[in-house]
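The figures that follow rest on heavy atoms only: side chains count, while hydrogens, waters and symmetry mates do not.
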Amino acid sequence: MAKDKTGYKLIAQNKKAYHDYFIEETFEAGMVLVGTEVKSIRAGSGSIKESFIRIQNGEAFIFNMHINPYDKGNIFNKEPLRTRKLLLHKREINKLVGSVATKGMTIVPLKVYIKGSLVKMEIGLARGKKLHDKRQDIASKDVRRQNEREFKIKNL
């Protein structure tokens, strides 16, 4: 896995979230994992494609996050799709709960990365896009790509 500009080792990214949602605000959350899960993530095996986040009893949990069993983990391996707790400050959880309840927003996982020796997750407070919003985004990306091509041809 490649390290990005900030020195983090990116493990998994949810590109579809940016296509389906307007990301209003992002938060960094820690994750409660067991040793074999951490070793598996360090090896680069994890996916957040079908995962989602819910807040229950004042705590944040991620569901359907897939972490492959560690090769040398034998009996210590846990279930790959088990529910995992996210570590957030109380005020962040209260902000997420308020936004989800009043504004009709949702909480989506965006990235899983290693920061120093810790496994972190970037989560986003998101508002769903309508079909015409998606079409508008695709059209603007096409225009931007076309302009970049023309600029590149002019400067050759």
Side-chain angles (χ1 to χ4, degrees), residues 1-33 37 40-69 79-115 118-156:
M1 301 286 123
K3 289 189 178 186
D4 63 358
K5 297 173 233 164
T6 56
Y8 302 147
K9 183 179 175 185
L10 186 64
I11 303 299
Q13 187 172 13
N14 190 356
K15 293 179 182 178
K16 192 164 178 165
Y18 292 100
H19 180 71
D20 292 339
Y21 299 100
F22 292 113
I23 307 298
E24 303 289 328
E25 192 172 353
T26 60
F27 299 92
E28 183 179 65
M31 296 173 60
V32 176
L33 300 171
E37 290 176 330
S40 183
I41 285 179
R42 286 189 186 282
S45 63
S47 173
I48 56 174
K49 278 188 179 177
E50 298 294 322
S51 61
F52 59 95
I53 297 171
R54 285 209 181 120
I55 297 179
Q56 300 172 343
N57 301 327
E59 296 179 330
F61 294 95
I62 183 161
F63 296 86
N64 289 347
M65 179 182 171
H66 189 273
I67 298 176
N68 290 339
E79 184 181 334
L81 290 175
R82 75 182 183 94
T83 302
R84 295 169 181 90
K85 184 177 176 183
L86 297 178
L87 303 172
L88 290 162
H89 291 283
K90 196 66 161 176
R91 67 179 180 278
E92 292 175 333
I93 291 175
N94 290 338
K95 185 173 187 173
L96 290 170
V97 168
S99 295
V100 168
T102 59
K103 299 177 186 173
M105 300 180 113
T106 187
I107 309 166
V108 294
L110 301 174
K111 294 179 189 173
V112 175
Y113 54 91
I114 297 174
K115 179 180 180 182
L118 304 172
V119 178
K120 298 284 187 173
M121 175 178 281
E122 183 176 290
I123 63 174
L125 189 58
R127 187 170 29 95
K129 285 185 182 179
K130 305 283 188 241
L131 182 61
H132 60 86
D133 293 330
K134 292 179 190 178
R135 287 181 183 155
Q136 188 176 6
D137 281 354
I138 291 170
S140 65
K141 286 178 186 176
D142 288 343
V143 168
R144 184 178 47 82
R145 276 192 219 113
Q146 185 64 32
N147 289 339
E148 288 174 357
R149 278 191 211 117
E150 290 173 4
F151 182 73
K152 185 177 178 181
I153 290 171
K154 285 181 187 176
N155 290 336
L156 285 180

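Residues I123 and L88 form a side-chain contact, since some pair of their non-hydrogen atoms from C-beta on lies under 4.5 Å apart. Side-chain contact check for E37 versus R82: some heavy-atom pair is nearer than 4.5 Å. Side-chain contact check for I53 versus L96: every heavy-atom pair is 4.5 Å or farther apart. Counting heavy atoms from C-beta outward, I55 and V100 have side chains that stay 4.5 Å or more apart.
For the atom pair I23 CD1 and R127 CZ, the distance stands at 10.5 Å (nearest 0.5 Å). Here NE2 of H66 is found 13.5 Å from CD1 of I48. Values are rounded to the nearest 0.5 Å. Atom CG of residue N64 and atom CD1 of residue I62 lie 9.0 Å apart, to the nearest 0.5 angstrom. Atom CD1 of residue I93 and atom NZ of residue K90 lie 5.5 Å apart, to the nearest 0.5 angstrom. For the atom pair CG (D20) and NZ (K15), the distance works out to 14.5 Å, reported to the nearest 0.5 Å. Within the model, atoms OG1 of T83 and CD of Q56 stand 8.0 Å from one another, a figure rounded to the nearest 0.5 Å.
Taking all atoms of both residues into account, the shortest heavy-atom contact from A29 to L86 is CB-CB, 4.3 Å. Scanning all heavy atoms of the two residues, the minimum distance from I11 to I41 falls at CD1-O, 3.3 Å. For the residue pair S40 and S45, the shortest heavy atom distance occurs at OG-OG, 2.7 Å. Listed here is the closest heavy atom pair of P109 and N14: O-ND2, 3.1 Å.
By the neighbour-count criterion of 12 heavy atoms within 6.0 Å, atom OH of Y21 is sparsely surrounded, having that number or fewer from other residues, nucleotides or ligands. E25 CD: more than 12 foreign heavy atoms inside a 6.0 Å radius.
E150 is linked by a salt bridge (Lys or Arg N to Asp or Glu O under 4.0 Å) to nothing, counting only residues two or more places apart in sequence or in another chain.
With Y113 as the fixed residue, the side-chain hydrogen bond (donor to acceptor under 3.5 Å, both in side chains) test singles out one of E122, E28, K120: E28.
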Review point. How far apart are the C-alpha atoms of K111 and Y8, what are their side-chain angles, what is the distance that settles it, and do they pass the side chain to side chain contact (heavy atoms under 4.5 Å, CB included) test?
Key: CA-CA 11 Å; K111 294 179 189 173; Y8 302 147; over 6 Å; no
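Looking at K16, its side chain never comes within 3.5 Å of a backbone N or O of K49 through a donor-acceptor pair.
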